[in-house]
Amino acid sequence: MEEITKSLNFIEHIIEEDLEGSYSKNELRFRFPPEPNGYLHLGHASSICLNFGLGERYDAPVNLRFDDTNPAKEESAYVEAIKKDVAWMGFHWDKECYASDYFEQLYKWAVQLIKEGKAYVDSQSSEEMAKQKGSPTTPGIAGPYRNRSAEENLDLFERMKNGEFEEGVHVLRAKIDMESPNMLMRDPILYRVLHKAHHRTNTDWCIYPMYDWTHGQSDYLEQVSHSLCTLEFLPHRELYDWCLDQLVDKDKLRPKQREFARRNLSHTVVSKRKLLELVEEGVVSGWDDPRMPTISGLRRRGYTPEAIRNFADTVGIAKRENLVDVSLLEFHVREHLNRIAPRVMAVLDPLKVVITNYPEGSEEWLEAENNPGDDQAGSRQVPFSRELYIEKADFKEEANRKFFRLKLGGEVRLKNGYIIKAESCTKDTDGNIIEVQCTYDPKSKSGTGTEESLRKVKGTLHWVSVSHAIPARVNLYDRLFTDENPDGHKDKDFMEFVNTDSLETITAFLEPSLKNVKVGDRFQFQRLGYFNVDKESSSEQLVFNRTVTLRDTWAKIQQKK
RNA sequence: UGGCCUAUGGUGUAAUUGGCAACACAGCUGGUUUUGGUCCAGUCGUUCUAGGUUCGAGUCCUAGUAGGCCAACCA
């Protein structure tokens, strides 16, 4: 009954077919294979959700494998950050694997290849090799070292391994087909010399395998059934299969690579190089800046793993070009936060209101619901007094009847409190309104059940009591780019589209119940949006980040004018 | 002057594998509401083009068009 038959994506169709064919269900195994050379971002998130989602759907193990074959770029600090992010997303990996654990086996297989005449040591410069490689439209030609004897190749390769050569003087290449229409099959490089310490194998090796000589074999060694990667690896599939052809034991499961389109999100970039540029140019404060599309940035912004996973689920997976609108991501974070975030009152842009007929010096505590959609959420007390703050935008001297807020002579309800009426206002010498004088109806107090308390007035405002309010620093974030596809312009650099107003930091006034919040706590500031406590927050100085605003139909109406 | 991949509302993804084009978001209209939030109801709008096969084509075939990927000792 609760079994909702969800439609399958094309990867799941492939798996279903395999299950009807030669695969049994317990042979299914997946992997998420990041290179530990940077932080995970939203693009990785869809791959994570795909692979681990498949694991959950088929009750199959999923390995977390670090593709660490290039010591020049990789660090163990990234390994730790990646593990943290995947765990935060709520996924559990079966084995924690490293491509570097397979270096010895990979080396042995390479030796075997040489003996079979399927690989050779090339001693040319990369420029010369590139020249011989031809182009997509012209075939390549053989280089002068292509037919070295197996003995010579073996000797050279061993000496490469032993550190006898400088970087760049020799490489090991597969001997495949210099005329293949697939550039990757034109004798791809399998090994290069790199005199660099590796974050795990240290200086044990000075030759390192290339991606193509590593990935399929790693999948094979781990007996991964379906190796899923993005579409730009599609041309690699032929090579992936060629490598496996050379060494697969027919009794063992042979992994298959399949490709899906990477997710592109509007108003952002996800390429590591570009994210790094944003950090280095100081456009953002770091990799976990709440405006960054990194997992750590989203976490700090207040996003929940559920929101990100639901987003990935509804977006799905396919093979065509795409540009998903961020509003879908925002929908999912609102949808989740609406269910879980306690409601509180905070004023971001204060305007003082004085209730002239409320006794001076007195105060009272009003009952306030924590979440109207959740009767388990309970309630709290908020203080009311003669002097309050409301939002500047919630008062106008004059306005038409579409303005459901406070205007002179008009009435409005203060949330959880009383109905008030604006009688007059005072201005500074520049004509700015600095205070509004109101009267209140003492019988209209919320929840008392009196006739007056049940009176309907158009408009309910949030507010805080001036004397009780806690000042807090609040970061108001907006989209990082003004263009929906900053990456998509041939003649313009993405940096030209940086939104210079993507961060506004203000001092806001919070209801006192927020005094003891913890880093990461999430709230709905009523009528404003969802906010969470930043890692820089302390009991002396509270700091909140705006995750996302509430849907705002009033703003839309105003925009239309 | 090559090879490969892709094409479904504004966006993303489906379509029992050849049988009534659907779901979500966005938009719009109305209702409810002590959040212009939430919730509820309604509405808008789609198979790149031209042929072909078929009783029947989003799905298969051919050609075209458009977009993407491929020439790192990166992954």
Side-chain angles (χ1 to χ4, degrees), chain A residues 5-9 13 33-35 37 67-70 72-74 99 122 125-126 129-131 133-140 167-173 180-184 186 189-194 208 210-212 214-215 229 231-238 259 261 263 266 272 311 313-325 327-332 334-335 338-339 343 345 369 371-373 402-405 412-417 419 446-447 453-462 484 524-529 549-557:
Chain A
T5 43
K6 198 175 158 263
S7 58
L8 305 181
N9 62 44
H13 279 293
E35 183 187 12
N37 70 341
D67 228 334
D68 55 350
T69 58
N70 185 2
K73 293 183 175 178
E74 297 151 7
D122 200 330
S125 69
S126 58
M129 286 192 283
K131 220 176 288 172
K133 214 166 182 185
S135 77
T137 53
T138 55
E167 293 182 10
V169 322
H170 302 294
V171 292
L172 185 73
R173 297 178 75 176
S180 170
N182 183 350
M183 297 290 294
L184 284 157
R186 325 245 258 229
I189 292 171
L190 265 26
Y191 272 94
R192 77 287 214 190
V193 173
L194 247 31
Y208 291 93
M210 301 287 287
Y211 166 85
D212 288 299
T214 307
H215 206 89
C229 59
L231 230 32
E232 66 265 28
F233 286 94
L234 202 155
H236 291 253
R237 184 148 119 197
E238 192 179 1
E259 310 81 13
R263 298 260 68 113
S266 76
K272 242 171 232 177
F311 168 73
D313 273 357
T314 53
V315 163
I317 211 79
K319 289 180 84 167
R320 51 176 160 165
E321 289 287 303
N322 57 77
L323 184 64
V324 185
D325 201 294
S327 63
L328 186 60
L329 216 210
E330 293 170 346
F331 162 78
H332 281 288
R334 285 190 189 110
E335 194 270 335
N338 177 50
R339 282 185 279 134
R343 272 62 172 168
M345 293 198 285
E369 257 184 324
N371 189 338
K402 285 266 187 70
F403 186 76
F404 306 155
R405 304 177 183 200
V412 84
R413 173 169 294 278
L414 294 176
K415 179 81 182 168
N416 307 310
I419 293 172
S446 296
S453 76
L454 297 172
R455 228 178 92 215
K456 303 282 178 200
V457 288
K458 198 66 186 171
T460 302
L461 306 185
H462 62 278
E484 70 162 10
Q524 184 196 97
F525 289 2
Q526 282 177 117
R527 301 211 303 134
L528 297 171
T549 61
L550 256 30
R551 254 183 97 235
D552 191 350
T553 51
W554 172 239
K556 272 176 207 156
I557 291 165

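Throughout, a chain's letter reflects where its sequence line sits, starting with A, and its residues are numbered from 1. No experiment lies behind these values; they were computed from the predicted model shown. For the numbers below, each heavy atom of this structure counts, side chains included, while hydrogens, waters and symmetry mates do not.
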Counting only side-chain heavy atoms from C-beta out, which of [options] sits nearest to [X]?
X         : options                : answer
Thr553(A) : G3(B), G36(B), C25(B)  : G36(B)
Trp554(A) : C74(B), U38(B), G36(B) : G36(B)
Arg263(A) : A75(B), U34(B), G12(B) : G12(B)

Quiz item: Hey, what do you get for OG1 (Thr69(A)) to NE2 (His215(A)), rounding to the nearest 0.5 Å?
Solution: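 Answer for the OG1-NE2 pair, Thr69(A) versus His215(A), is 10.5 Å.
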Practice problem: Hey, can you tell me if Phe311(A) and His332(A) have their rings parallel, tilted or perpendicular (30° and 60° cut-offs)? | Solution: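 Ring orientation of Phe311(A) relative to His332(A): perpendicular.
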Practice problem: Say whether Thr460(A) and Arg527(A), considering side chains only, have a donor N or O and an acceptor N or O under 3.5 Å apart. | Solution: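 Note: Thr460(A) and Arg527(A) side chains miss the donor-acceptor criterion.
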Quiz item: Any side-chain donor-acceptor pair under 3.5 Å between Asp325(A) and Ser327(A)?
Solution: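 Side chains of Asp325(A) and Ser327(A): pair found under 3.5 Å.
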Practice problem: For RNA chain B, produce a single dot-bracket line, 5' to 3'. Pairs: Watson-Crick or G-U wobble, both distances under 3.5 Å. Symbols: ( ) within strand, [ ] crossing, | other strand, . unpaired. | Solution: .((((((..((((.....[..)))).(((((.......)))))....(((((..]....))))))))))).....
Whole Å only: how far is the [atom1] atom of [X] from the [atom2] atom of [N]?
X         : N      : atom1 : atom2 : answer
Phe233(A) : G68(B) : CZ    : C1'   : 16 Å
Leu8(A)   : A22(B) : CG    : C1'   : 15 Å
Met129(A) : C73(B) : CE    : C1'   : 7 Å

Practice problem: Pick out which of Arg413(A), Lys415(A), Glu369(A) makes a side-chain hydrogen bond (donor to acceptor under 3.5 Å, both in side chains) with Ser446(A). | Solution: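 For Ser446(A), the side-chain hydrogen bond (donor to acceptor under 3.5 Å, both in side chains) check succeeds only for Arg413(A).
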Can you check the distance between [N] and [M], where both ends of the measurement are the [atom1] atom (answer in whole Å)?
N      : M      : atom1 : value
C73(B) : C69(B) : C1'   : 22 Å
G9(B)  : U46(B) : C1'   : 4 Å
U62(B) : U53(B) : C1'   : 11 Å
G18(B) : C60(B) : P     : 8 Å
A57(B) : A50(B) : C1'   : 15 Å
U38(B) : U6(B)  : P     : 39 Å
C48(B) : A75(B) : C1'   : 34 Å
G12(B) : A26(B) : P     : 15 Å

Quiz item: Between U34(B) and Lys458(A), is there an OP1 or OP2 to side-chain N/O distance shorter than 4.0 Å?
Solution: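 No, no such contact exists.
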Practice problem: Report yes if at least one side-chain N or O of Arg237(A) is closer than 4.0 Å to OP1 or OP2 of C4(B); otherwise report no. | Solution: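 No, no such contact exists.
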Quiz item: Is the glycosidic angle of U17(B) within 90° of 0, making it syn, or outside that range, making it anti?
Solution: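 Base orientation: syn.
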Self-check item: Whether Phe404(A) stacks on the six-membered ring of G36(B) base, 5.5 Å and 30° limits
Solution: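 The base of G36(B) is stacked with Phe404(A) (centres under 5.5 Å, planes under 30°).
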Which atom pairs link the protein and nucleotides 40-42 of chain B when you take only N or O atoms and keep those under 3.5 Å?
none

When you measure only distances, ignoring hydrogens and angles, does the side chain of [X] come within 3.5 Å of the base of [N] through a donor and an acceptor?
X         : N      : value
His236(A) : A75(B) : yes
Gln524(A) : U35(B) : yes
Arg527(A) : G36(B) : no
Thr137(A) : U1(B)  : yes
Arg334(A) : U38(B) : no

Quiz item: Under 4.0 angstrom, heavy atoms only, what part of the nucleic acid is Val315(A) near: base, sugar-phosphate, or nothing?
Solution: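 It contacts sugar-phosphate atoms only.
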Quiz prompt | Residue closer to the 5' end of RNA chain B, Lys319(A) versus Gly373(A) (nearest nucleotide) | solution =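 Residue closer to the 5' terminus by nearest nucleotide: Lys319(A).
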Practice problem: Find which nucleotide of RNA chain B each of Leu328(A) and His13(A) is nearest to by heavy atoms, and output the residue with the more 5' nucleotide. | Solution: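 So the residue in question is His13(A).
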